[in-house]
2 protein chains.
Amino acid sequence: MFKDLDPLLHSQLRLAVMSLLISLDAADFTFLKEKTKSTAGNLSVQLDKLSEAGYISIEKSFNGKKPLTTCRITKKGIKAFEDYVNSLKGYLKT
Amino acid sequence: MFKDLDPLLHSQLRLAVMSLLISLDAADFTFLKEKTKSTAGNLSVQLDKLSEAGYISIEKSFNGKKPLTTCRITKKGIKAFEDYVNSLKGYLKT
DNA sequence: GTAAAGTAGTTTATATTATAAACCAAAATT
DNA sequence: AATTTTGGTTTATAATATAAACTACTTTAC
């Protein structure tokens, strides 16, 4: 009846990031920070967790002289997000 | 874009409890424990939190000689659940 | 009738998580 | 050349979830 909710996705900020990445394909740190209205520190930590789980890939480069962190959702991440949404549905239908 | 998710409802067990109560109107401790497959201790704590928030009411009585804890969702709880579901939608649409 | 097991919970301790605050290095601005 | 801003990371703290231990009583088995 109530399937377990992936704890990695059941977090407001990580879920917001995944939600953005699933329709955007690529997004940089600053963009994610603005869209999610998070602090840089929090975002940095949560991106690491998503990355360690293999849900996103993180690529570090430079935009001119400024560091640029680009995130992309992985296949595994897409699957996890879809699973999470399906599990959640069991909790939401009234 | 991403509305804040009520932290009281953004918890697997509390959400499951609210999901049950919203369509059941009343449920006792043992029933909730079985349906949510939670431990008694965890359920006890989470029910208290929902109760303190005014999302559910808890009535203690006796079923013969055994203690009976009956839970009901409140108007405030229904509103909170609906708000939560609506906020979540912003995270899930792909 | 009393010891053991079961029921219905609560309290407390611990592990995990989220978040903010502090920090760092380089670049841009005054 | 000092100050502020950008783009982050690391570390510390507060909040949360969860399980384990406990309480109080009841039922069952001997």
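Letters go in sequence order (proteins before strands), and every chain restarts at 1. Atom set for the values below is all heavy atoms of this structure, side chains included, hydrogens, waters and symmetry mates excluded.
The list of salt bridge (charged side-chain N to carboxylate O under 4.0 Å, His left out) pairs with a residue in residues 57-69 of chain A, not counting sequence neighbours, reads A/Glu59-A/Arg72. For residues 15-42 of chain B, the set of pairs meeting the salt bridge (charged side-chain N to carboxylate O under 4.0 Å, His left out) definition, not counting sequence neighbours, is empty.
Contacts with DNA chain D (heavy atom under 4.0 Å) in residues 39-56 of chain B: B/Thr39, B/Gly41, B/Asn42, B/Val45, B/Gln46, B/Lys49, listed by number.
Atom CG of A/Asp6 is separated from atom P of C/dT17 by 11 Å (rounded to the nearest Å). Straight-line distance from the CG atom of A/Leu9 to the C1' atom of C/dT17: 15 Å, rounded to whole Å. Rounded to whole Å, atom P of D/dT9 lies 12 Å from atom CG of A/Leu32. Put simply, NZ on A/Lys33 is 13 Å from P on D/dT9, counting in whole angstrom units. When rounded to the nearest whole Å, the span between NZ of A/Lys60 and P of C/dA26 equals 15 Å. In this structure, B/His10 places its NE2 atom 18 Å from P of D/dA15, rounding to the nearest Å. For the pair A/Phe62 CZ and D/dT6 P, the interatomic distance rounds to 17 Å; values are reported in whole Å. Computed from coordinates, the A/Leu15 CG to C/dT17 P distance equals 16 Å when rounded to whole Å.
Nearest heavy atoms, B/Ser11 versus B/Leu8: CB-O, 4.5 Å. Across A/Met18 and A/Ile73, no two heavy atoms sit closer than the pair CE-CD1, 3.7 Å. Residues A/Leu47 and A/Ile58 approach most closely at O-CD1, 3.7 Å, considering heavy atoms. Of all non-hydrogen atoms in A/Gln12 and B/Tyr91, the two that sit nearest each other are CG-OH, 3.2 Å.
Without hydrogens or angle criteria, A/Thr74 side chain to A/Gly54 main chain gives a donor-acceptor distance under 3.5 Å. At least one donor-acceptor pair under 3.5 Å links the side chain of A/Thr36 to the backbone N or O of A/Leu32.
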Nucleotide N/O of nucleotides 22-26 of chain D paired with protein N/O under 3.5 Å:
none

Pairs: protein N or O with nucleotides 1-3 of chain C N or O, under 3.5 Å:
none

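Which of C/dA18, C/dG9, D/dT18 sits closest to the side chain of A/Arg14 comes down to C/dA18.
Between A/Tyr55 and A/Leu9 the shortest side-chain heavy-atom distance falls below 4.5 Å. Proximity of B/Phe2 to B/Ser87: side-chain heavy atoms (C-beta onward) are nowhere separated by under 4.5 Å.
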Side chains of residues 77-84 of chain A: which donor-acceptor partners sit under 3.5 Å, not counting sequence neighbours?
residue, atom, partner, partner atom, Å
A/Lys79, NZ, A/Asp83, OD2, 2.8
A/Tyr84, OH, A/His10, ND1, 2.7

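Across all strands, B/Ser11 comes closer than 4.0 Å only to sugar-phosphate atoms, never to a base (heavy-atom distances). Using a 4.0 Å heavy-atom distance criterion, A/Leu13 is classed as making no nucleic acid contact.
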